[in-house]
S.K.: 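Got a structure here, written out as structure tokens. Questions coming.
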Amino acid sequence: MTTYGPRFITPPSDEQELYPYRPVWRSLIIETAISLSLVVIFYTLIDFLHISLPTQLQSYLAVGLTFSSILFWFVFSWWLERRTAQPRQNMITVIILTMLVANSIGVPLVNQFFQVDNWLPLAPAVNRILGYTLTTGITQGIIKYLVLRYTIWPQNLRVRLDGVAYGIASGIGYATILNIQFITFNSSTPADTLSFQIFANYALHVSTGIVIGYGVSEAFFSNPTPIFLTIVLLVGAVVTGITIPIHAGLVNSTLSITSLVSAPKPLLGLGFSASLLIGISIIIAGLIRNADRLERESRADSED
């Protein structure tokens with residue numbers, strides 16, 4: 001285990017000795033809260049107060065927002081990780097490798113081979129869910145799984161939350177690539193619209209990253225049925241397949257009675273994205289707590 005000089009200056013606290021790893025959920029809550037606050041701030045300034053931002057400032061804001069998720073992760077996850085008694089290794093590797101594979105394989109496969117934007121948006125609801133599940137969802141899920149499988153397995157898995165931590169890192173890496181792609185083809189997008197899109201990418205990919213990371217950890221610690229990881233990948237793909245059309249439907253919500261023009265409802269999309277991330281986090285946290293409890297009880301019974 002690698003040690004660092006400063007840790008000998010300040011002795012670890014009782015909390016660090018009890019749990020020497022970075023609290024994953026605490027970091028995620030902080031990062032998500034800050035990201036949500038940015039969206040609300042820009043929405044209030046531009047849509048409610050009608051403040052017009054200078055063109056040059058919008059360009060800088062666009063770049064900052066594009067990389068905001070990964071910057072927050074560096075501050076509240078990676079930097080705090082380095083200050084714990086037993087930091088998780090290879091987290092930067094997971095993010096960089098996910099970005100490289102997403103950019104070179106994932107994005108071209110979805111956009112150029114499957115060409116989902118050309119035929120799925122106008123398809124019936126059920127067809128859209130199935131289509132996004134079997135194309136975008138499967139592609140993105142397999143990429144995240146393969147990155148985790150060949151970077152952290154098994155040497156970096158010590159507790160079940162390790163898989164979740166690496167899954168979040170993989171999700172943020174994938175979301176960052178999609179943010180870069182979005183701003184590249186929509187360079188004049190206002191800061192408020194851009195912030196909504198960036199949070200939607202962040203929430204979806206962190207959510208699926210949590211699911212896949214949990215699956216990787218559970219496969220290692222519990223040795224479940226051989227098809228367990230297949231089921232986990234399918235769950236992640238279904239989450240993507242359901243989320244994309246529902247989010248699009250909420251953002252471009254119901255027709256106006258008077259003008260019959262689609263009235264955008266970005267706050268509905270924001271609420272849906274936040275609910276998705278919160279809901280999946282609560283479910284996975286509960287599953288991990290239950291698995292850890294059963295493991296402790298089993299160990300105690302065997303000692304008796």
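Start at 1 with the first residue, then count along the sequence. Being a predicted model, the structure only gives us computed values, none of them experimental.
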S.K.: Show me the donor-acceptor pairs, under 3.5 Å and distance only, between side chains in residues 116-131 and residues at least two apart or in other chains.
M.R.:
| unit_1 | atom_1 | unit_2 | atom_2 | d |
| --- | --- | --- | --- | --- |
| N118 | ND2 | Q115 | OE1 | 3.2 |
| W119 | NE1 | F114 | O | 2.7 |
| W119 | NE1 | Q115 | O | 3.1 |
| R128 | NE | A123 | O | 3.0 |

S.K.: Out of curiosity, does W153 fall in the hydrophobic cluster containing I231 (side-chain heavy atoms, cut-off under 4.5 Å, transitive links)?
M.R.: yes
S.K.: Counting distance only, does the side-chain N/O of S273 pair as donor-acceptor with the main-chain N or O of A200 below 3.5 Å?
M.R.: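 No.
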S.K.: Nearest 0.5 Å, what's the CD1-CG distance between I172 and L71?
M.R.: 10.5 Å
S.K.: Determine whether I210 and W25 make a side-chain contact, defined as any pair of heavy atoms from C-beta on separated by less than 4.5 Å.
M.R.: yes
S.K.: Can you tell me how far apart OG1 (T66) and CD (Q197) are? Round to the nearest 0.5 Å.
M.R.: 10.5 Å
S.K.: Hydrophobic clusters here meaning ILVMFWY residues chained together by side-chain heavy-atom distances under 4.5 Å, can you tell me if Y166 and F228 are in one?
M.R.: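 As far as the 4.5 Å side-chain criterion goes, F228 and Y166 are connected within one cluster.
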S.K.: Roughly how far, to the nearest 0.5 Å, is CG of N179 from CD1 of I70?
M.R.: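 With rounding to 0.5 Å, CD1 (I70) is 10.0 Å from CG (N179).
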S.K.: From D162 CG over to N156 CG, what is the distance, rounded to the nearest 0.5 angstrom?
M.R.: 7.5 Å
S.K.: Check for me, please, whether L38 and L49 land in the same ILVMFWY cluster - side-chain distances under 4.5 Å, paths through other members count.
M.R.: yes
S.K.: Looking only at heavy atoms, which two atoms of A169 and W73 are closest? And how far apart?
M.R.: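 What the structure gives for the nearest pair is CB-CZ2, 3.9 Å.
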S.K.: Only distances under 3.5 Å count here; give the side-chain donor-acceptor pairs of residues 95-109 to other protein atoms, sequence neighbours excluded, each with its distance to 0.1 Å.
M.R.:
| unit_1 | atom_1 | unit_2 | atom_2 | d |
| --- | --- | --- | --- | --- |
| T98 | OG1 | V94 | O | 2.7 |
| T98 | OG1 | S170 | OG | 3.1 |
| S104 | OG | L100 | O | 2.7 |

S.K.: Do I92 and F74 have side chains that get closer than 4.5 Å, going by heavy atoms?
M.R.: yes
S.K.: Only distances under 3.5 Å count here; give the side-chain donor-acceptor pairs of residues 137-152 to other protein atoms, sequence neighbours excluded, each with its distance to 0.1 Å.
M.R.:
| unit_1 | atom_1 | unit_2 | atom_2 | d |
| --- | --- | --- | --- | --- |
| T139 | OG1 | T135 | O | 2.7 |
| K144 | NZ | H205 | ND1 | 2.9 |
| K144 | NZ | T208 | OG1 | 2.6 |
| T151 | OG1 | V147 | O | 2.5 |

S.K.: Quick check on the 6.0 Å ring-centre criterion: do F42 and F196 meet it?
M.R.: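 So the answer is no for these two rings.
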S.K.: Taking the side chain as every heavy atom from C-beta outward, state whether F272 and L268 have any atom pair closer than 4.5 Å.
M.R.: no
S.K.: State, with a plain yes or no, whether a side-chain heavy atom of R88 is found less than 4.5 Å away from one of R82.
M.R.: no
S.K.: When clusters are formed by joining ILVMFWY residues with side-chain heavy atoms under 4.5 Å apart, either directly or through shared neighbours, do I244 and F113 land in the same one?
M.R.: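 Looking at the clustering, F113 is in the same group as I244.
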S.K.: Measure the shortest side-chain to side-chain distance between I34 and F76 over non-hydrogen atoms and say whether it is less than 4.5 angstrom.
M.R.: yes
S.K.: Would you check, one step at a time, whether the test side-chain contact (heavy atoms from CB on, under 4.5 Å) holds for Y174 with L178?
M.R.: CA-CA 7 Å; Y174 210 115; L178 294 184; 4.1 Å; yes
S.K.: I183 and I180: which non-hydrogen atoms are nearest, and at how many Å?
M.R.: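 That closest heavy-atom pairing would be CG2-O, 3.3 Å.
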S.K.: For residues 276-291, tabulate all N or O donor-acceptor pairs below 3.5 Å that involve a side-chain atom, not counting sequence neighbours.
M.R.:
| unit_1 | atom_1 | unit_2 | atom_2 | d |
| --- | --- | --- | --- | --- |
| S281 | OG | L277 | O | 2.7 |
| N290 | OD1 | R293 | NH2 | 2.5 |

S.K.: Any side-chain heavy-atom pair from V216 and L157 closer than 4.5 angstrom?
M.R.: yes
S.K.: How far apart are the closest heavy atoms of V239 and T243, and which atoms are they?
M.R.: O-OG1, 2.6 Å
S.K.: Please evaluate residues V232 and E218 with respect to the criterion side-chain contact (heavy atoms from CB on, under 4.5 Å), reporting the C-alpha separation (whole Å), side-chain torsions for both, the decisive distance (0.1 Å), and the verdict.
M.R.: CA-CA 10 Å; V232 168; E218 196 63 22; over 6 Å; no
S.K.: Which atom names give the shortest non-hydrogen contact between L270 and L36, and what distance separates them?
M.R.: CD1-CD2, 3.6 Å
S.K.: Is there a chain of hydrophobic side chains (I, L, V, M, F, W, Y, each step under 4.5 Å between heavy atoms) that links I46 to I51?
M.R.: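 Same hydrophobic cluster.
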S.K.: With a 4.5 Å heavy-atom cut-off, do R160 and D292 have their side chains touching?
M.R.: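 They are in side-chain contact.
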S.K.: To the nearest 0.5 Å, how far apart are CZ in F221 and CD in E295?
M.R.: 7.5 Å
S.K.: Tell me, do P20 and T84 make a side-chain contact under 4.5 Å, heavy atoms counted?
M.R.: no
S.K.: How would you list all residue pairs meeting side-chain hydrogen bond (donor to acceptor under 3.5 Å, both in side chains) that involve residues 27-42, not counting sequence neighbours?
M.R.: R22-S27, E31-S77, T32-Y202
S.K.: For Y214, does its backbone N or O pair with a side-chain atom of S217 as donor and acceptor, under 3.5 Å?
M.R.: no
S.K.: Distance from R83 atom CZ to L80 atom CG, nearest 0.5 Å?
M.R.: 7.5 Å
S.K.: Should Q155 and Q89 be marked as a side-chain contact (heavy atoms from CB on, under 4.5 Å) after you check the CA-CA gap, both sets of side-chain angles, and the distance that decides it?
M.R.: CA-CA 9 Å; Q155 68 278 4; Q89 306 297 326; over 6 Å; no
S.K.: Decide side-chain contact (heavy atoms from CB on, under 4.5 Å) for F182 and T189; before the verdict, give the C-alpha distance in whole Å, the side-chain angles of both, and the deciding distance to 0.1 Å.
M.R.: CA-CA 9 Å; F182 181 83; T189 302; 4.0 Å; yes
S.K.: Less than 3.5 Å apart, which donor and acceptor atoms pair up between the side chains of residues 57-65 and the rest of the protein, not counting sequence neighbours?
M.R.:
| unit_1 | atom_1 | unit_2 | atom_2 | d |
| --- | --- | --- | --- | --- |
| Q58 | NE2 | L53 | O | 3.1 |
| S59 | OG | T55 | O | 3.3 |

